[in-house]
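Read the structure below first, then the notes.
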Amino acid sequence: MKNLSKKIFFLVMIISFTTSCITEDDDAGTVVTAEDDLSGIITEDLTLNASITYNLSDALVIEDGASLTIPAGTLIRATGGTSSYIAVAQGGQIFVQGTAANPVIMTSGKDSPAPADWGGLVICGKAPTNVGSTATSEVGDLAYGGDVANDNSGSVRYLRVEYTGASFNGSKEFNGVSLFGVGSETVFEYVQSYNGADDGIEFFGGTVNGNYLVSTNSGDDSIDFADGWNGNGEFWYITGGAQAGIEGSNNGDNGDITPVTSTNLSNITIVGPVNEGALFYKEGGGSFTFNNVFISNVDLAVKVKDEDTPAALRIENGDLVMTNVQFSDVEDEFEFTDYTGANQSFITEGPTTGAGNGAAAPDWAAGWTIGLDNSNTTEELSGEITTDVTLDAAINYSLVGSLVVLDGASLTIPAGTNINATGGTSSYIAVAQGGQIFINGTQDNPVIMTSGKASPAPADWGGLVVCGKAPTNVGTTATSEVADLTYGGDISDDNSGSIRYLRVEYTGASFNGSKEFNGVSLFGVGSGTVFEYIQSYNGADDGIEFFGGTVSGDYLVSTNSGDDSIDFADGWNGSGEFWYITGGAQAGIEGSNNGDNGDITPITNATLSNISIVGPVNEGALFYKEGGGEFTITNLYTNAIDLGVKVKDTDIPAANRIENGDLVINNVQFDETADGFQATDYTGNNLSFYTLGDNIGAGNAADVPDWANGWTRFSEED
């Protein structure tokens with residue numbers, strides 16, 4: 001158990017810090033840390049610990065005279081809807097000390113996160129607004145406003161807020177970040193709102209500046225300012241908002257009230273579509289100057305309501321000026337504005353790069369954002385998973401140790417997720433008996449588990465190990481040769497999850513000459529498990545191996561394995577179709593019953609069809625060994641091999657089975673055979689266990705089958 005070495009101060013409510021060593025998921029990745037509950041009122045200075053995952057179970061409020069410091073890399077996971085938020089009261093301060101490489105992340109604590117899962121961040125200052133000398137924030141119920149223009153509420157840098165916007169009702173809901181009367185001495189930059197249900201970032205009056213802001217997939221406006229905001233902003237990147245890209249207003253009750261909203265904005269990118277214009281100039285608008293604005297995929301640049309007389313007067317007075325505005329890929333029926341007044345010249349076109357790269361994500365957003373085309377957020381991954389965990393395809397995961405899914409827990413890996421492993425035998429992913437893994441790759445977006453080294457090579461890391469409760473012939477239960485997990489039992493239909501469209505690369509880290517990882521190892525895995533569209537690429541040992549169990553494996557690819565390409569043994573009772581094998585160092589397929597007793601039961605019983613094996617091979621297209629088993633193989637295509645079926649002279653149990661007709665290969669084609677080719681080296685009486693015939697094997701004979709297109713690789717250049 002990890003103990004905290006800091007004081008927690010409280011006044012009315014208790015800040016709860018209950019520690020336990022667990023592994024949890026988060027939208028930004030899975031990091032094995034302690035987890036602490038976080039809520040209450042902070043009345044003195046408090047610093048969090050980046051090595052701890054915080055569970056925001058209720059409101060956390062920093063009161064007057066107190067501060068909260070959040071170091072780089074800190075993860076806060078919120079639960080509880082509108083009751084979970086972080087707020088800074090007037091006189092309080094927050095110091096978010098993220099970096100481009102290690103942002104601070106405030107996100108949903110749910111296994112399947114969604115917009116409106118929690119509140120968001122609220123900061124209240126003492127700077128002027130036009131809603132009265134002081135007012136009460138619509139969320140958090142805190143006082144804000146005053147006459148301290150240079151008020152200092154702290155510093156917020158490299159912060160990402162996700163899945164915010166919990167709603168009290170249709171007119172009262174949280175934004176990603178809400179800034180109420182925040183003063184100019186406050187630093188607010190490099191902030192992203194991602195998948196919030198309401199506005200991404202909103203300024204309610206105040207004088208704070210906002211630079212390097214990103215709003216992605218907001219449920220309402222992307223960035224909003226109102227109530228006499230007198231601040232500036234540069235480098236804003238806005239995409240995926242449901243309503244306006246930017247909504248700028250003066251006051252919803254009195255568009256003429258002072259202080260008037262006044263801002264200078266520059267280097268802005270707004271990527272549509274939008275429903276209320278790239279800019280919605282409303283409720284009196286204000287004095288706005290925009291320069292270097294790139295607008296893409298919108299149908300309306302500037303929206304102004306006909307009945308908004310104060311806004312119209314300001315446009316006629318020249319208070320809205322937009323220069324160097326570039327429109328790209330606009331929608332059909334595009335309009336510069338729906339404003340119908342006399343002044344139609346407030347927009348001046350000109351070439352610009354907007355926030356940096358036109359419609360594309362700017363370089364300054366790389367590394368700390370999520371959901372952008374250059375997001376490159378990395379999270380470390382290791383430890384034991386004890387609950388249901390879902391990874392995020394927008395995160396690059398670094399597997400720095402073993403990651404084990406324990407009994408009763410699950411790991412879900414969405415399409416497009418990349419996991420980069422380091423550490424040799426210490427880095428692997430394993431599913432214990434009773435655990436489940438759900439790999440939800442697609443043909444266009446497979447899940448990829450690969451080496452994290454700059455120059456990857458076979459044996460860089462372990463691989464994937466799945467242990468189930470289905471029967472084997474190595475005992476009622478056994479221990480896996482890698483990961484040291486129990487497997488086997490009597491539950492034939494055991495379900496360890498679903499694995500689809502997975503590519504494992506550079507696996508096979510070795511403990512010694514007889515103990516090394518395969519690409520994927522399936523120990524006693526049951527028939528309730530789905531296992532299809534899997535490739536092992538450049539592994540140092542076997543590509544894919546079934547150790548007993550009853551799971552079937554379809555649409556399997558093994559490429560350049562350092563030992564056998566696909567191997568099954570220990571009483572495997574499963575089937576497989578559409579296997580494409582190429583470049584293996586030893587056997588194309590190695591099928592055996594038991595290495596200690598070839599006659600032991602349950603006997604390996606395999607039904608295979610539509611198989612391509614492209615040589616050369618050193619131990620046959622099929623190595624029938626250690627008692628073999630009952631194999632039926634239909635439509636087997638081989639190419640460039642010197643031996644079809646290998647059987648050792650000393651393997652009496654295997655020979656007995658061949659003589660009994662337990663090995664049947666129908667419609668095998670030996671194409672473009674190598675010098676010295678033999679159909680088999682078996683010397684017994686029954687040489688009719690195979691029949692020749694033309695077929696296309698896995699689909700395209702020796703060539704890559706169509707079903708393997710898009711998610712596999714066959715060379716370093718792929």
Side-chain angles (χ1 to χ4, degrees), residues 62 64 67 87-96 120-140 142-157 159 175-191 193 199-213 215 221-236 246-268 279 281-291 314 319-321:
I62 302 104
D64 185 9
S67 71
V88 182
Q90 285 186 315
Q93 290 185 306
I94 188 169
F95 297 96
V96 176
L121 174 63
V122 177
I123 304 176
C124 295
K126 301 177 181 180
T129 77
N130 64 22
V131 293
S133 56
T134 59
T136 301
S137 61
E138 65 175 291
V139 289
L142 296 170
Y144 71 95
D147 58 4
V148 186
N150 64 346
D151 190 38
N152 186 348
S153 296
S155 174
V156 178
R157 301 185 80 249
L159 168 68
N175 305 306
V177 182
S178 300
L179 301 151
F180 291 92
V182 175
S184 61
E185 287 298 303
T186 308
V187 175
F188 188 73
E189 58 186 17
Y190 299 101
V191 178
S193 171
D199 297 342
I201 299 169
E202 185 162 2
F203 301 83
F204 296 85
T207 54
V208 65
N209 296 323
N211 301 323
Y212 300 98
L213 306 185
S215 183
D221 308 309
S222 295
I223 300 182
D224 194 341
F225 49 84
D227 299 344
W229 180 51
N230 273 246
N232 300 316
E234 61 177 355
F235 295 104
W236 292 4
I246 296 174
E247 182 175 283
S249 59
N250 190 44
N251 185 289
D253 297 319
N254 181 353
D256 291 318
I257 201 168
T258 58
V260 175
T261 297
S262 178
T263 184
N264 294 313
L265 304 178
S266 61
N267 307 318
I268 310 296
L279 168 66
Y281 186 80
K282 63 181 294 190
E283 295 170 348
S287 298
F288 301 177
T289 299
F290 289 78
N291 186 42
R314 289 202 169 92
D319 291 338
L320 175 59
V321 178

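Counting from 1, the numbers follow the sequence of the chain as shown.
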Ignoring hydrogens and geometry, is there a side-chain-to-backbone donor-acceptor pair from [X] to [Y] under 3.5 Å?
{"X": "Gln90", "Y": "Asp64", "value": "no"}
{"X": "Thr207", "Y": "Ala149", "value": "yes"}
{"X": "Arg314", "Y": "Ser287", "value": "no"}
{"X": "Trp229", "Y": "Val208", "value": "yes"}
{"X": "Thr261", "Y": "Ser249", "value": "yes"}

I need the [X] [atom1] to [Y] [atom2] distance, nearest 0.5 Å.
{"X": "Asp256", "Y": "Thr258", "atom1": "CG", "atom2": "OG1", "value": "9.5 Å"}
{"X": "Asn232", "Y": "Leu265", "atom1": "CG", "atom2": "CG", "value": "7.0 Å"}
{"X": "Phe95", "Y": "Ser67", "atom1": "CZ", "atom2": "OG", "value": "5.5 Å"}
{"X": "Phe188", "Y": "Leu159", "atom1": "CZ", "atom2": "CG", "value": "7.5 Å"}
{"X": "Ile201", "Y": "Leu179", "atom1": "CD1", "atom2": "CG", "value": "8.0 Å"}
{"X": "Leu142", "Y": "Ser137", "atom1": "CG", "atom2": "OG", "value": "4.5 Å"}

Check whether any side-chain heavy atom of [X] lies under 4.5 Å from a side-chain heavy atom of [Y], and answer yes or no.
{"X": "Asn211", "Y": "Phe235", "answer": "no"}
{"X": "Asn152", "Y": "Gln93", "answer": "yes"}
{"X": "Ile246", "Y": "Ile268", "answer": "yes"}
{"X": "Leu121", "Y": "Ile94", "answer": "yes"}
{"X": "Phe204", "Y": "Val131", "answer": "no"}
{"X": "Val191", "Y": "Val156", "answer": "yes"}

What do you reckon, are the aromatic ring centroids of Phe288 and Tyr281 less than 6.0 Å apart?
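Between Tyr281 and Phe288, which both carry aromatic rings, the centre distance is below 6.0 Å.
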Criterion side chain to side chain contact (heavy atoms under 4.5 Å, CB included) on Phe203 and Thr263, from CA distance to verdict
CA-CA 11 Å; Phe203 301 83; Thr263 184; over 6 Å; no
So, for [X] and [Y], which heavy atoms are closest and what is the spacing to 0.1 Å?
{"X": "Gly286", "Y": "Val260", "result": "CA-CG1, 3.7 Å"}
{"X": "Ser215", "Y": "Gly200", "result": "OG-CA, 3.7 Å"}
{"X": "Thr186", "Y": "Ser153", "result": "OG1-N, 2.8 Å"}

I need the full list of side chain to side chain donor-acceptor pair (under 3.5 Å) pairs touching residues 121-134, with sequence neighbours left out, sorted by first then second residue.
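Counting only pairs at least two positions apart or across chains, the side chain to side chain donor-acceptor pair (under 3.5 Å) contacts touching residues 121-134 are Asn130-Asn250, Asn130-Asn251.
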With sequence neighbours excluded, give me every salt bridge (charged side-chain N to carboxylate O under 4.0 Å, His left out) pair touching residues 176-190.
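Listed by first then second residue: Arg157-Glu189.
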